[in-house]
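This structure is a prediction, so every number in the text was calculated from the model and none was measured.
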Amino acid sequence: MLLVCRFAPAPADAERFLERARRAVGLLAAQPGCEGVDLGRAIEEPGRWVLVARFATVTAYRRALQPFDVREHVVPLLSEALTDEPAAHERALVAGPDGVTEHPSLLTDR
């Protein structure tokens with residue numbers, strides 16, 4: 001499961017955003033079932049950020065958001081993400097050194 005959140009903090013809030021994001025990334029990455037978290041900054045628009053977290057399962061993602069310190073530090077940051085696009089995605093194809101793995105969909109066709 002992928003969590004993809006985009007952010008556009010006000011220029012005056014950029015340092016505070018990064019400080020909060022450091023804590024949030026560390027807390028989220030420490031949760032069981034979290035396979036990694038990346039925070040990236042847009043090259044074309046340096047005021048734009050993206051957080052991408054990878055989880056083993058949807059259940060692991062949901063459980064990762066339950067601990068108190070995550071609800072206190074991560075959830076408020078995620079609530080500031082831009083909301084014009086979906087944030088939770090299922091994996092379809094995953095490539096690594098051993099090749100490409102196709103994951104079956106968890107969704108029913110609509």
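- Annotation for Pro76 and His73: closest pair CD-C, 3.8 Å, computed over non-hydrogen atoms.
- A salt bridge links Glu80 with Arg20; the closest basic N to acidic carboxylate O contact falls under 4.0 Å.
- Taking both residues in full, the closest heavy atoms of Ala64 and Val70 are given as O-CG1, 3.3 Å, listed atom of the first, atom of the second, then distance.
- In this structure, the side chains of His89 and Val4 come closer than 4.5 Å at one or more pairs of heavy atoms.
- The environment of CZ in Arg63 is sparse: at most 12 heavy-atom neighbours from other residues, nucleotides or ligands sit within 6.0 Å.
- The minimum heavy-atom distance linking Pro67 with Gln31 is given by the pair CG-OE1, 3.2 Å.
- Taking every heavy atom of both residues into account, Leu65 and Arg71 meet most closely at O-CG, 3.2 Å.
- Summarising the geometry, atom CG belonging to Leu39 is positioned 6.0 Å from atom CG belonging to Leu51; distances are rounded to the nearest 0.5 Å.
- Within the 4.5 Å cutoff, no side-chain heavy atoms of Phe55 are placed close to those of Val37.
- Between Glu19 and Arg22 there is no salt bridge, since no side-chain N of the basic residue sits under 4.0 Å from a carboxylate O of the acidic one.
- Shown here for Gly33 and Ala60, the closest heavy-atom pair between the two residues is CA-CB, 3.8 Å.
- Inter-residue side-chain proximity for Leu93 and His103 is flagged as unmet; no heavy-atom pair is nearer than 4.5 Å.
- Interatomic distance, Arg41 CZ to Ile43 CD1, rounded to the nearest 0.5 Å: 11.0 Å.
- Residues that satisfy the side chain to side chain contact (heavy atoms under 4.5 Å, CB included) test with Glu90, not counting sequence neighbours, are Ser105, Leu106, Leu107.
- With sequence neighbours left out, Phe17 forms a ring-ring contact (aromatic ring centres under 6.0 Å, His included) with Phe7, Trp49.
- Ion pairing between Glu102 and Arg91 fails under the 4.0 Å rule for side-chain N and carboxylate O.
- Side-chain contact between Leu78 and Leu3: present, with at least one pair of heavy atoms (C-beta onward) separated by less than 4.5 Å.
- A heavy-atom distance below 4.5 Å is not found between the side chains of Leu77 and Ser79.
- Proximity of Arg54 to Cys34: side-chain heavy atoms (C-beta onward) are nowhere separated by under 4.5 Å.
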